[in-house]
Each structure stands twice: as C-alpha cells, then as structure tokens.
Amino acid sequence: MHVLVLGGTAEARALAAALHPEVRVTSSLAGRVAAPRLPAGDVRIGGFGGVEGLVDWVRAHHVDAVIDATHPFAERISFNAARAAATAHVPLLALRRPGWVPVEGDDWHPVGSLAEAARALDGLGWGHLPGRSPRGRVFLTTGRMGLAAFAHCPQWFLVRSVDAPEAPMPARTEVLLDRGPFTLDGERGLLRAHRVDVLVTKDSGGAATAPKLRAAREAGIPVVVVRRPPVPEGVRVAATVEAAAAWVHG
C-alpha cells in the first residue's frame, strides 16, 4: 500500500513514523521552510502544479490513499487534494488537530482573515496598560507569508517566524527567528521584554504554540484570533494521528 501524506506539520511527521515501514509512505512538503524537519519514509519537496499535477503524480506513483495533514490554514492545497482525490478515485482523509477554545479570562477577538485582523488592531484601545505605547505593540505570530496584510499598519510589530520574512511588511517591525514548541515561561518573558499590547495569531491548534495564549491571558493582553478555513465539503476528518493511522489500516 502506498500512502501520500501532504505534510509539513508535527502531526504529519508523527503519522509517517506510525505508518512506516509497514506502509509505504511518501510525505510531500511545500518547500517554504529552508530546513524542514524530515519525516520517516520517502520525501518529496515542492508543489505538484495544481490539481492536474497532483492527479498525474498520484496515478504515476500508484498511490492508494491520500492524507491531507497540512497546516489548518493551507487552504489551497486542501482544496486541490479534494479535487485530485475525487478525480483519481482514491480515498482522502484530512488530519486536523482540534482548534483552540477560549477559557475564562481570555480576551479573544475572532476575525475571518488577516485583513480583518489588521483592521481589528485599531479598535483595541492602545495604552490600556501602564507603560504601553499609545500606538500599540503587536506580537504577530501568523507566519511570514501574510505580512502584506499588515504593511499599512502604524503599530510596532514583533514578527516571529521560522525563516526570515520578505517585504512587504509593516514599517516598524522586529523579526524573531524561532521554531516551536515554545514554553510558557519563555512566552511570559517575551511578552514582558517586548511590552506587548496585543497578540495576533491564527487558530492553528495544538500544544506547540499554545503557551502564548495562556501567557496573554495572564497578562491581560487581548488576542486577535484568525478563524481557520473549513475542510473541503465531503472530506472525512480525523482529529488525531492514531485515528488517521487506524483509517489507513482499516
């Protein structure tokens, strides 16, 4: 059996390790990270060339099943996977970690896009905490690919990403190159050291980057949360690596 895992996430790596070597696994990585963590089994890096390219690859390599274990916000590849799997007549499963859920004490501001997140910054009342700048200091953890949505914003931004971002980006930006998982103590210290007024994040889910949410709650910092896009209609979803592995073996 040959399983194609559309990966790049911790769950994708864990799934490849769970299946390999009993099942032939090929993990496909987008190639957006300079030094990705490689999973077990075969690995290919780079795009397929859209739906038709993915269909051709699945057929040429005799793929029996496809698992979309990409980032919850990788909307385009998820759409392409759904179209390609239907065209090639192979089963498709989406492996999606559960989203985050606010708890008592959280000050969350859900939005539908990065553009909405940028607009939301102006309404959060800068200077609401002692010693804070009236123009605002934003901890932006939405990844380096969407910075253009914030390029016009006057606030100061701390941008954390695995690789260095490229323009366009906000004029007042400090870049922090780092890769999770992150610790609660580390996130507490980061918020204090940079005098952060607001956190902007995507609802990526998972434990690796969740400590920033607790640190923000403890500090009374509002959080702008970009809601994740839905899984393509009709695609079966597994919430855990174990459930995805059981689907393959079932």
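Remember, predicted model here, so these are calculated numbers, not experimental data. All values below come from the heavy atoms of this structure, side chains included, with hydrogens, waters and symmetry mates left out.
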*Give the other cluster members for Leu38, using side-chain heavy-atom distances under 4.5 Å between Ile, Leu, Val, Met, Phe, Trp and Tyr residues; answer none if it is isolated.*
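Cluster partners of Leu38: Leu29, Val43, Ile45.
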
How far apart are the closest heavy atoms of [X] and [Y], and which atoms are they?
X      : Y      : result
Trp108 : Leu213 : CZ2-CD1, 4.0 Å
Pro72  : Ser204 : CG-O, 3.6 Å
Pro222 : Val198 : O-CG2, 3.2 Å
Phe73  : Pro229 : CD2-CD, 3.6 Å
Gly50  : Asn80  : CA-ND2, 4.0 Å

Report yes if some heavy atom in the side chain of [X] is under 4.5 Å from a heavy atom in the side chain of [Y]; otherwise report no.
X      : Y      : result
Val223 : Asp107 : no
Thr9   : Arg97  : yes
Leu190 : Arg160 : yes
Leu177 : Asp163 : no
Pro165 : Val175 : yes
Phe48  : Asp56  : no
Val196 : Val138 : no
Pro91  : Trp247 : yes

Nearest 0.5 angstrom please: [X] [atom1] to [Y] [atom2], how far?
X      : Y      : atom1 : atom2 : answer
Asp68  : Leu92  : CG    : CG    : 6.5 Å
Trp156 : Thr173 : CH2   : OG1   : 8.5 Å
Leu147 : Phe157 : CG    : CZ    : 9.0 Å
Arg13  : Arg37  : CZ    : CZ    : 5.5 Å
Leu6   : Ser27  : CG    : OG    : 9.0 Å
Asp203 : Thr142 : CG    : OG1   : 13.0 Å

Looking only at the side chains, is there a donor atom on one of [X] and [Y] sitting less than 3.5 Å from an acceptor on the other?
X      : Y      : result
Gln155 : Asp197 : no
His62  : Asp64  : no
Arg96  : Ser78  : yes
Thr26  : His2   : yes

*Parallel, tilted or perpendicular for Trp57 and His61, by the 30°/60° rule?*
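The arrangement is parallel - the two ring planes meet at less than 30°.
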
*Dump the intermediate steps for side-chain contact (heavy atoms from CB on, under 4.5 Å) on Arg59 and Val90, then the final yes or no.*
CA-CA 9 Å; Arg59 287 173 172 168; Val90 297; over 6 Å; no

_side-chain hydrogen bond (donor to acceptor under 3.5 Å, both in side chains) partners of residues 206-225, not counting sequence neighbours, each pair once_ =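 For residues 206-225: Asp106-Arg217, Thr141-Lys212, Arg188-Glu218, Thr201-Lys212, Arg214-Glu218.
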
*Tell me the side-chain hydrogen bond (donor to acceptor under 3.5 Å, both in side chains) pairs involving residues 39-49, sequence neighbours left out?*
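Every side-chain hydrogen bond (donor to acceptor under 3.5 Å, both in side chains) pair that includes a residue of residues 39-49, provided the two are not neighbours, is Ser28-Arg44.
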
Say whether, by atom type as modelled, one donor and one acceptor occur between the side chain of [X] and the main chain of [Y] under 3.5 angstrom.
X      : Y      : answer
Glu116 : Gly112 : yes
Arg195 : Arg137 : no
Trp100 : Gly206 : yes

Are [X] and [Y] joined in one hydrophobic group, where the rule is that I, L, V, M, F, W and Y side chains link up if heavy atoms are under 4.5 Å apart?
X      : Y      : answer
Leu93  : Val25  : yes
Ile77  : Val51  : no
Val3   : Leu54  : no
Val111 : Leu140 : yes
Val66  : Leu95  : no

*May I ask you to check whether over 12 heavy atoms, not counting those of Arg179, lie within 6.0 Å of atom CZ?*
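For Arg179, atom CZ is crowded (more than 12 foreign heavy atoms under 6.0 Å).
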
_Just to verify, what does Ala115 make a side chain to side chain contact (heavy atoms under 4.5 Å, CB included) with, not counting sequence neighbours?_
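Side chain to side chain contact (heavy atoms under 4.5 Å, CB included) list for Ala115, sorted by chain: Ser113, Arg119.
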
_For Pro110, give me all partners under side chain to side chain contact (heavy atoms under 4.5 Å, CB included), at least two apart in sequence or on another chain._
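Counting only residues at least two positions away or on another chain, Pro110 forms a side chain to side chain contact (heavy atoms under 4.5 Å, CB included) with Arg227.
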
*Under the side-chain contact (heavy atoms from CB on, under 4.5 Å) rule, what do Met1 and Glu22 come out as? Steps first, then yes or no, please.*
CA-CA 9 Å; Met1 184 178 190; Glu22 183 179 353; over 6 Å; no

Got a list of side-chain donor-acceptor pairs under 3.5 Å for residues 231-244, not counting sequence neighbours?
unit_1 : atom_1 : unit_2 : atom_2 : d
Thr240 : OG1    : Ala243 : N      : 3.0

